[in-house]
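First comes the structure, then the notes that go with it.
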Amino acid sequence: MTRKIWLTALLVVVVGISAGCGQKPQTAAGTDNTQNSSAPATNTDNSVNTSSTSSTDTSTGGAGGQATAPNTSEPADTKSKTLNIDAYYTDDQMLELKKVQKEIKYESDQDKYEAALKSLQSSGDSKLFALWEKVDFKSASFKDGLLTVDIHLPDEARLGAGGESLALDALKKTSFQFDEVKSLELLVDGQQVDTLMGHVELEHPMTRE
């Protein structure tokens with residue numbers, strides 16, 4: 001009887017030990033499964049971060065490309081105007097005036113007069129002498145039919161009596177070809193002078209003949 005009790009107790013102990021050993025692998029397996037299931041979650045986060053970073057880099061690169069692209073286009077010059085006028089020069093003997101058609105360029109109507117007068121400084125023909133070649137045209141302004149021209153006259157621009165008379169005629173003919181110009185005021189360094197080069201008396205203002 002006592003032996004049966006001991007065998008029964010021993011069997012209970014063996015069964016208990018066997019049950020305990022069977023649970024340990026399940027716990028380990030459960031732990032492994034938990035770890036394995038959390039790993040994809042980490043990979044998913046990395047994928048999201050990588051996608052976000054790639055998108056940001058692409059967006060930044062696009063913006064950078066637009067910022068560094070230079071704009072080399074230049075607006076067309078639509079303000080410039082051209083006009084054919086008559087300009088006046090003389091022969092190498094300074095005997096008479098010669099009319100030559102010239103093309104001038106200007107932006108505003110006020111600039112037109114100065115451009116016309118400056119055309120008197122170069123004939124473009126070796127056989128024609130520009131009487132105003134060495135004169136400095138400082139300004140030309142037009143108001144109420146009066147064209148006011150201010151010049152600087154260096155010593156090398158001075159001519160004899162015949163040359164001075166032809167120079168003034170060339171100036172008047174060039175200026176009065178514009179119908180709106182009714183009178184011409186010629187100033188030297190902003191001042192009225194009695195004579196331009198010492199030979200011909202100046203009128204203030206000169207008018208159409």
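All values below come from the heavy atoms of this structure, side chains included, with hydrogens, waters and symmetry mates left out. What you are looking at is a predicted structure, and each value in this text was computed from that prediction instead of being measured.
Thr207 places a side-chain heavy atom less than 4.5 Å from the side chain of Ser183. When side chains are defined from C-beta on, Glu103 counts as touching Asn84, because their heavy atoms get closer than 4.5 Å. Using a 4.5 Å cut-off on side-chain heavy atoms (C-beta onward), Phe142 and Lys112 make no contact. Counting heavy atoms from C-beta outward, Lys182 and Asp144 have side chains that stay 4.5 Å or more apart. With contacts defined as side-chain heavy-atom distances shorter than 4.5 Å, the pair Val193/Leu153 does not qualify. Under the 4.5 Å side-chain criterion, counting only non-hydrogen atoms from C-beta, Asp86 is not in contact with Lys173. When side chains are defined from C-beta on, Val149 does not count as touching Tyr113, because their heavy atoms never get closer than 4.5 Å. By the 4.5 Å heavy-atom criterion applied to side chains, Glu164 and Thr195 are counted as neighbours.
Here the CD-OG distance, from Glu114 to Ser108, works out to 10.0 Å after rounding to the nearest 0.5 Å.
When all heavy atoms of His152 and Val135 are compared, the closest pair comes out as O-CG1, 3.7 Å. For the pair Lys105 and Ala115, the tightest heavy-atom approach, listed with the atom from each and the gap, is O-CB, 3.9 Å. Summarising the geometry of Pro154 relative to Lys134, their closest heavy-atom pair is CG-O, 3.2 Å, with the distance given to 0.1 Å. Of all heavy-atom pairs spanning Leu83 and Phe178, the tightest one is CD2-CE2, 4.0 Å. Residue Lys102 comes nearest to Tyr89 through the heavy atom pair CE-OH, 3.1 Å, listed as atom of the first residue, atom of the second, then distance. Across all their heavy atoms, Ile85 and Ser119 have their closest contact at CD1-OG, 3.7 Å.
Annotation: Glu201, atom CD; neighbour count of heavy atoms from other residues, nucleotides and ligands within 6.0 Å does not exceed 12. Within 6.0 Å of NZ on Lys172 lie more than 12 heavy atoms contributed by other residues, nucleotides or ligands.
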(message) Between Leu184 and Glu203, does the side chain to side chain contact (heavy atoms under 4.5 Å, CB included) criterion hold? Intermediate values first, please.
(response) CA-CA 9 Å; Leu184 172 64; Glu203 297 178 5; over 6 Å; no
(message) Run the side chain to side chain contact (heavy atoms under 4.5 Å, CB included) test on Leu117 and Trp132 for me, step by step, so that the C-alpha distance in whole Å, both residues' side-chain angles and the decisive distance to 0.1 Å come before the verdict.
(response) CA-CA 9 Å; Leu117 295 175; Trp132 293 86; over 6 Å; no
(request) Let me see the working for Lys138 and Asp189 under salt bridge (Lys or Arg N to Asp or Glu O under 4.0 Å), right down to the final yes or no. (result) CA-CA 8 Å; Lys138 299 172 67 176; Asp189 295 324; 3.5 Å; yes
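Leu187 and Phe176 are members of different hydrophobic clusters when ILVMFWY side chains are connected at heavy-atom separations under 4.5 Å. Hydrophobic clustering of Ile, Leu, Val, Met, Phe, Trp and Tyr side chains at less than 4.5 Å, counting indirect connections, unites Met206 with Met197. Residue Leu146 is not grouped with residue Ile151 when hydrophobic side chains (ILVMFWY) are merged at heavy-atom distances under 4.5 angstrom, including chains of intermediate members. Hydrophobic cluster membership differs between Val100 and Leu166, with clusters built from Ile, Leu, Val, Met, Phe, Trp and Tyr side chains linked at under 4.5 angstrom. Follow the hydrophobic side-chain contacts under 4.5 Å out from Ile104 and you never reach Leu128; the two are in separate clusters.
Tested against Leu131 for a side-chain contact (heavy atoms from CB on, under 4.5 Å), the candidates Leu120, Leu159, Leu168, Leu171 yield a single pass: Leu159.
Ser165 contributes no side-chain N or O that, together with a main-chain N or O of Ala161, makes up a donor-acceptor pair within less than 3.5 Å. With Asp150 contributing its side chain and Gly190 its backbone, the two residues share a donor-acceptor pair below 3.5 Å.
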